[in-house]
Structure formats: C-alpha cells, structure tokens
Amino acid sequence: MIAEKDLKAVREAVFAARLESGRAAALLESGERDGARLTAGLDELCEGFERAVISLRNLCERTREGAPPSADRAPNARGISVAGSAEISDCGRLHLKLNALLPNCRFGAPAYITDTVTRLLDDLERRHPLPYFTEALLAIEEHCDISSRRVFDQDNKAWKAVSNALKGRLIPDDDGFTLGVALLSEKSAVPACHIYLLPLDEAGDFFYLRQGEYGLP
C-alpha cells in the first residue's frame with residue numbers, strides 16, 4: 001500500500017526538479033550560454049531529475065510488490081525493459097545493454113545509471129545466478145554516431161557509475177589490480193551502451209571476437 005509520505009516525497013522531488021529546470025531556463029533566456037552559473041544550474045537540474053526518477057522507481061516497485069499479477073504483466077516485473085536489458089552468455093560473461101549513452105562525468109557518478117544497472121542485475125538474478133570474478137575486465141562500448149553523441153572524449157564519460165554498481169557484488173572492491181577498464185565506441189545509428197564483464201584472462205578472446213566477422217552481441 002502506498003503511504004501518503006511516499007507519494008509526498010515523490011511529488012517534492014519532481015517539484016524540486018521542476019524548479020531547477022525553471023532556473024536553468026531563466027539563465028538561458030537571459031542570454032547566458034556559458035560560465036559557472038549555467039554549469040552549476042545544469043548540474044542541479046540533472047541531479048534533481050535523477051532523484052525524482054529514482055524516487056518514483058522505488059515507489060512503483062513497492063506498489064508492484066503488494067499488487068496481484070495482471071494479465072499483461074508478469075509477477076515481480078520491474079518495468080525497466082525500457083531502460084535496458086541484462087543477460088549471462090553461454091561462457092559466463094555478463095552483458096548489460098543500456099538504451100542510452102553515458103552522460104558527462106562532470107555531473108559525478110550519476111545515481112540514475114548506478115540505480116539502473118543495479119535493478120537490471122536484480123532482475124537478472126531472479127532468472128540466473130550472477131557470476132563473480134576475482135579479476136575482471138569491464139568493457140563499455142557505446143554505439144552511436146556523430147549526431148547522437150554528446151560526450152566526445154572517453155575520459156569525460158561517467159563510466160564509474162557502472163563500476164560502482166558492480167563492486168562488491170560481481171567483483172571485489174577494486175585495489176588497482178582487480179579491475180581492468182576498456183572504453184570503446186562503435187558507429188551505429190541507434191544509440192546504446194553495451195557493458196561487458198568477463199574474467200581478466202579472457203580479455204584477448206574478447207577483443208579477438210570484437211574484431212571478427214560476427215562481432216559481439
């Protein structure tokens with residue numbers, strides 16, 4: 001059952017995000033296109049919408065847990081297929097797909113990305129035991145073209161939001177030798193972010209398949 005305080009928290013988060021969008025719009029209307037004020041305003045806007053989305057997700061999840069299954073929705077469905085998908089390959093590798101590109105890391109490690117990856121893993125774990133790697137390669141390959149790409153430099157992408165969701169669950173907390181990271185790009189008309197986690201000693205096989213005739217999923 002939905003408590004009034006839960007709905008109030010969501011409304012407050014949405015209202016706060018709406019206020020931030022108004023402040024950002026006011027800065028743009030004033031003619032400001034650059035500078036610390038606009039950057040700070042956009043940062044607050046992104047964080048506000050992230051908080052609102054996560055609050056709404058948590059509320060929907062609690063609502064679904066207490067509701068009987070309907071004909072058009074499987075029991076315990078998370079309703080996150082619009083955000084991405086998750087699978088374990090036949091050889092035990094993890095493959096996540098996010099239906100969006102990574103944002104700029106100047107906004108920090110976005111809670112929305114970490115939350116989405118966590119929920120995809122939760123949903124996958126209901127269907128399949130999750131692998132655990134003592135040493136692993138995290139390969140993040142973004143599929144995009146010039147028009148859909150918003151962050152051009154690999155080191156400016158918020159990939160740490162992904163690894164934050166994996167540490168302690170699929171890999172140990174990183175000590176500098178546990179996790180190798182590869183940031184890759186593939187030209188595609190359909191934007192998406194493919195995330196692979198595999199044993200570190202299989203990195204050579206991974207890159208061999210990526211360059212092969214059939215490529216990766």
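All residue numbers in this chain count up from 1 along the given sequence.
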Rounded to the nearest 0.5 Å, how far apart are [atom1] of [X] and [atom2] of [Y]?
X	Y	atom1	atom2	answer
Glu135	Leu179	CD	CG	10.5 Å
Leu121	Arg169	CG	CZ	5.0 Å
Leu166	Phe133	CG	CZ	10.0 Å
His95	Glu141	NE2	CD	8.5 Å

For [X] and [Y], work out which heavy atoms get closest and say how close.
X	Y	value
Arg93	Phe206	NH2-N, 4.1 Å
Phe207	Ala182	CZ-CB, 4.0 Å
Pro131	Leu170	O-CG, 3.5 Å
Ala83	Thr116	CB-CG2, 3.9 Å
Thr178	Pro172	CG2-CD, 3.6 Å
Cys144	Leu101	CB-CD1, 3.8 Å

- Item | Short N-O contact, Arg119 and Asp123, less than 4.0 angstrom | no
Taking C-beta and beyond as the side chain, do [X] and [Y] meet within less than 4.5 Å on heavy atoms?
X	Y	answer
Asp145	Lys187	no
Arg127	Ile88	no
Leu198	Leu94	no
Ser163	Val181	no
Leu102	Trp159	yes
Lys157	Ile140	no

- Quick one: which of Asn164, Asp122, Leu96 gives a side chain to side chain contact (heavy atoms under 4.5 Å, CB included) with Val117?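 When Asn164, Asp122, Leu96 are each tested with Val117, the side chain to side chain contact (heavy atoms under 4.5 Å, CB included) holds only for Leu96.
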- Should the heavy atoms of other residues, nucleotides or ligands under 6.0 Å from OH of Tyr132 be counted, would the total exceed 12?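 More than 12 heavy atoms, drawn from other residues, nucleotides or ligands, come within 6.0 Å of this atom.
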- Message: With side-chain hydrogen bond (donor to acceptor under 3.5 Å, both in side chains) as the test, pick out the partner of Ser185 among His143, Gln154, Glu142.
- Response: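 Going through the options one by one, the only one that passes is Gln154.
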- Message: Taking Ala165's backbone N and O only, do any of them form a donor-acceptor pair with Thr114's side chain (distance below 3.5 Å, no angle check)?
- Response: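 Between the backbone of Ala165 and the side chain of Thr114 there is no qualifying donor-acceptor contact (under 3.5 Å).
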